[in-house]
Number of protein chains: 2
Amino acid sequence: MNAQDKHSPKPVSVTTGPIGRSRKLYASPAGFPEVRVPYREIAFEPSSGEPPLRIYDSSGPYGCAEFTPDLAAGLPAARPWLAAREGLENYQGRTVKPEDNGFASGEYLVPPCPAPRAIYRGTGAGPVTQLEFARAGIVTQEMVYVAHRENLCRERAFENAAARIADGESFGASIPQFVTSEFVRDEVARGRAIIPANINHPELEPVIIGRNFLVKINANIGNSAVTSSVAEEVEKMVWSIRWGADTVMDLSTGRNIHNIRDWIIRNASAPIGTVPIYQALEKVGGDATKLDWEVFKDTLIEQAEQGVDYFTIHAGVRLAHVPLTANRVTGIVSRGGSIMARWCLSRHRESFLYERFGDICDIMRRYDVSFSLGDGLRPGSNADANDAAQFAELETLGELTKVAWDKGCQVMIEGPGHVPMHKIKANMDKQLAVCGEAPFYTLGPLVTDIAPGYDHITSGIGAAMIGWFGTAMLCYVTPKEHLGLPDRDDVKTGVITYRIAAHAADLAKGHPAAIERDNAMSRARFDFRWTDQFDIGLDPDTARKYHDETMPKEAHKVAHFCSMCGPKFCSMQITRDLREEAAAIAEREQGMADKSAEFLEKGAEIYVEAGE
Amino acid sequence: MNAQDKHSPKPVSVTTGPIGRSRKLYASPAGFPEVRVPYREIAFEPSSGEPPLRIYDSSGPYGCAEFTPDLAAGLPAARPWLAAREGLENYQGRTVKPEDNGFASGEYLVPPCPAPRAIYRGTGAGPVTQLEFARAGIVTQEMVYVAHRENLCRERAFENAAARIADGESFGASIPQFVTSEFVRDEVARGRAIIPANINHPELEPVIIGRNFLVKINANIGNSAVTSSVAEEVEKMVWSIRWGADTVMDLSTGRNIHNIRDWIIRNASAPIGTVPIYQALEKVGGDATKLDWEVFKDTLIEQAEQGVDYFTIHAGVRLAHVPLTANRVTGIVSRGGSIMARWCLSRHRESFLYERFGDICDIMRRYDVSFSLGDGLRPGSNADANDAAQFAELETLGELTKVAWDKGCQVMIEGPGHVPMHKIKANMDKQLAVCGEAPFYTLGPLVTDIAPGYDHITSGIGAAMIGWFGTAMLCYVTPKEHLGLPDRDDVKTGVITYRIAAHAADLAKGHPAAIERDNAMSRARFDFRWTDQFDIGLDPDTARKYHDETMPKEAHKVAHFCSMCGPKFCSMQITRDLREEAAAIAEREQGMADKSAEFLEKGAEIYVEAGE
């Protein structure tokens, strides 16, 4: 069901149903029946003789043919084990305050999501975060879950290990042939990967973010100026994960953000990230100079109790860094960065986020909210890439990473931004060096500034490259970047573009399972299995639509040619004929070679004596 | 004027007029009044205090506000000097045969373009090709033309030489700070660059293609199944160059191709390329096995007399290479490659293109048609990239390059195709090594096969990278690749995507003039000059449209914020405030430093004696 068509621009529910002709299924690792890992399975035309292809699936229950969402009830728990986990306590939780929703009231107040739930926090007695469990040598259900999830098709790839492993350049990553739960535990314990999974977000289907796993992508959503329905806000998240967003950041501002966030999280199968300083700023009337630790702390707890899985914290914007931006072409372009720069300068004192970083860790640890250490000084133009301000902040982020790790918190690091191609790798290398291999999470980067309207492409180029070099998650950019708010089509275009970038990176890194899908596509192309080609692709609907524009008849779906060359010039068909001819020639030549060998074997004499 | 709107899907004329608010102008190098080099000039809002930005312009006379095309008369000569060039003879030319137009007749025959013209060929007495002139130490008007054309803004860049030259990684290219005619001559003489410019195409505005010049892009066009008007066919070319195609390949097949090609070339300011084997195949009824030297030779002369500037010749597909494709996932995917493979296998003999290569050179030299040595065995999938068949052909192309050079012909080399990121550079390195630095001209490459409907993006990623590594021209791919025939919007999307890739490559190579346009954009962003941002971009119409969707009011074009952050959160505005504050702080600190220096200077004594 498509929740939004021409006659109903404002969805009353959300988009559900399978993608193309694929089928959603769940599989459980041996011994873990409660761990139900989602996949999409693409079946091929019987003529292919190929088994179905199982692919990674981020769409949540919404991708099921039989799922009927009830937004008020929220999703069923994908992590039922949390309720029984030791070291967590159920408590009353913070009371929602009028400023949490921007003082919206009466008819302007979006009602809270009625989905019933208990609020948890760590007792302090034992491990709470995935990092703490990992260090303690404990494999959590989340680790089992992501290990299985990352392994799609790897069993087959493993059989072909020698051929596959050689084909890639991973720049020092250590991608295993097969992902075990123990490998996941070890990567999390080292801080090289994170599983953003707030204990108050049981609806979450766990995702691992790290250089030695499949490259992930994030989509940003935000509330509309006029919110007509909560379904509309939830649909933005559902639509993003449908097309392949692994995590979703809610960058909403203004009124009702607490309650809308509630609706989103209760219905989110993907990790949700936020930038708490945005809400804190709303609470002080939008005046950055009025921010303080108390309002920020209260906002952290508010959002942690709701179940936000990762927070962008711009603690690397230090007072001393701000003057480094003075001669930039585009100054500071991160919202959070500029808020903190203004705060620092107006008081001429060190950032309270930096000074209170240990306290922030203590709060986030209790809920296992992961850090996304924000790059508030990222470049806003190619001219400002890799400058002193950017790298000074990155070094601070490295310092803070170690503090957060010591406190037991999971950490990833945000990166640029706008960077020409020849300066991209230096970003990755420096991040690895100064942040102890904590996962890198970059925005693009855009490799040129001259194409407003096409910045999904300018940034997709940089994203593919930095993903190859080792970035663990790529934050999408839509065609509307720098110009306006993305609509539904823009979000889809952004997500698909970034799925391309992430997959291209997986291929180039030599990920053992990545090329399976490409090969399935190539075989379908060579066999002229058109509907299989549509289904294997990232966007079956668009592929089918484009094909129909030139060749609308159903008979053309089995045509042994396409509209580019037509039947007479079809190179693929010619090749098929050639292959048969070439095989015949090879056989003939082998025959000659055999004759020749026999000839030599018999002494290379021209005449063989009679009787032999 | 837009030639195609909703009420008139079939253009009766072609699209003309300026792009955005830019102005087309012509400039002449000192001492060469007949050499009129086109530029587009973008003027900024007076508040900027910036001089206009001059950019490369490929749109031909169509980009002029005052130009009224007369397709039947053709374009005025952009190279009037050709008529007076020594070593050329005017002759009758070949008579058009019924098979040239696929035996179309009566109402089905498109009439020939009536534009009057003389047909020339080299006499053999002296140099004809740009390569021959260059080797003889003669600087042609074409060389003067492209030197000026490549220099936009370089005068300014030159002043900043030290800063600019360091910022880039050119992988061994030798991009000069300033392009002189002598530099062009030297590059052409070495075979490192070509100026495709048939002596029978006086309408041509010369373009240089080489690793040490701006990266160029090509757009492919082809006739429709039912041709309703010649204007429609010419419009495809005009539309492509309007958005930035540097050259256009006419890949038409079927009826009327001779006459349609005539209309296109007589109205083409850009170099036109073709694949003559396509037309030769039409002439033998589509049966590759019936091709022979005579029909091919006749087709070469036919097209050379019309003024085609470069021919794709698949002479590298040798008999011995064909069996190397037998175990590929997608066999042979080049049309020309599969035609020649079929020819070779059906007769079990060596390719006549290979055996007659010297004769082909002799014909092409007489008209200065450049070679585009076709990669008939390019991979059709990531799985087949960089395999034995592909590289065996590339080595043959290297061998043929030397033959063509010896014959005085200009040469570029076609390249893949479908290549994962980690295998792209090997293509460039091998091409440079085996083809003596002849310019590389690649199709994409596509870095993954899983995104039909988005192959402009999968290929744009690879194109940007291989352009950075040294490819001189990038052949575009549209969103319809693998699915159907591109429409007008697809062509535009493909061209813009490839302009992004080419420009990103120029930036990364450290081209001294490239970053000027990015910086102009970044300054306009920082100043909130919205209309300037639209105009500086590759596609002003789309950028303005996207901005209008969220902020339609004209007042918003001067708003000091955008729809993403709104007025309260605007990071750029905050930065502007910060900059003032930071400057004040710096001044204060400088004041302290001055005091400190003064203190030390005076002996660092706490108390200074009275009277001093």
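Per chain, numbering begins at 1; letters A, B, ... match sequence-line order.
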Do B:I500 and A:I461 have side chains that approach each other closer than 4.5 Å (heavy atoms only, starting at C-beta)?
yes
Shortest non-hydrogen contact between B:S522 and A:V329, atoms and distance:
CB-CG1, 3.5 Å
Any non-hydrogen side-chain atom of B:W468 less than 4.5 Å from a side-chain atom of A:M465?
yes
Applying side-chain contact (heavy atoms from CB on, under 4.5 Å), run through A:K480 and B:E549 and close with a yes or a no.
CA-CA 10 Å; A:K480 290 276 169 62; B:E549 281 177 24; 2.7 Å; yes
Picking from B:P420, B:A520, B:A464, which has the most non-hydrogen pairs under 4.5 angstrom with chain A?
B:A464
May I ask you to name which of B:T458, B:I496, B:T497 has the most heavy-atom pairs under 4.5 Å with chain A?
B:I496
Report which part of B:D487 has an atom under 4.5 Å of a heavy atom belonging to chain A: side chain, backbone, both, or neither.
side chain
Which heavy atom of B:Y546 sits nearest to which heavy atom of A:L483, and what is that distance?
CB-CD1, 3.8 Å
Which atom pair, heavy atoms only, marks the closest approach of A:H482 to B:Q533?
O-OE1, 4.5 Å
Should B:L507 and A:N382 count as side-chain neighbours, where that means a heavy-atom distance under 4.5 Å?
yes
Checked B:G537, B:G460, B:A543 vs chain A; the most non-hydrogen pairs under 4.5 Å come from B:A543
Interatomic distance, CG@B:N519 vs OG@A:S381, rounded to 0.5 Å, equals 7.0 Å
Are A:M421 and B:E169 side-chain neighbours, meaning at least one heavy-atom pair lies under 4.5 Å?
no
Give a yes or no answer on whether the side chain of A:D449 reaches the backbone of B:M521 with a donor-acceptor pair at less than 3.5 Å.
no
Any non-hydrogen side-chain atom of B:F534 less than 4.5 Å from a side-chain atom of A:P452?
no
Basic-acidic side-chain contact under 4.0 Å: A:D167, B:K423
yes
So do A:H456 and B:I457 actually touch side chain to side chain, heavy atoms under 4.5 Å?
yes
Chain B heavy atoms under 4.5 Å from A:D455: which part of the residue, side chain, backbone, both or neither?
side chain
Applying a strict 4.5 Å limit to non-hydrogen atoms, the region of B:I450 in contact with chain A is both
Exercise: identify the closest heavy-atom pair between A:T542 and B:Y454:
OG1-OH, 3.8 Å
Using non-hydrogen atoms and a 4.5 Å limit, figure out which bit of B:P540 sits close to chain A: side chain, backbone, both or neither.
neither
Taking A:A508, A:A288, A:A383, A:A514 one by one, which has the highest count of heavy-atom pairs under 4.5 Å against chain B?
A:A508
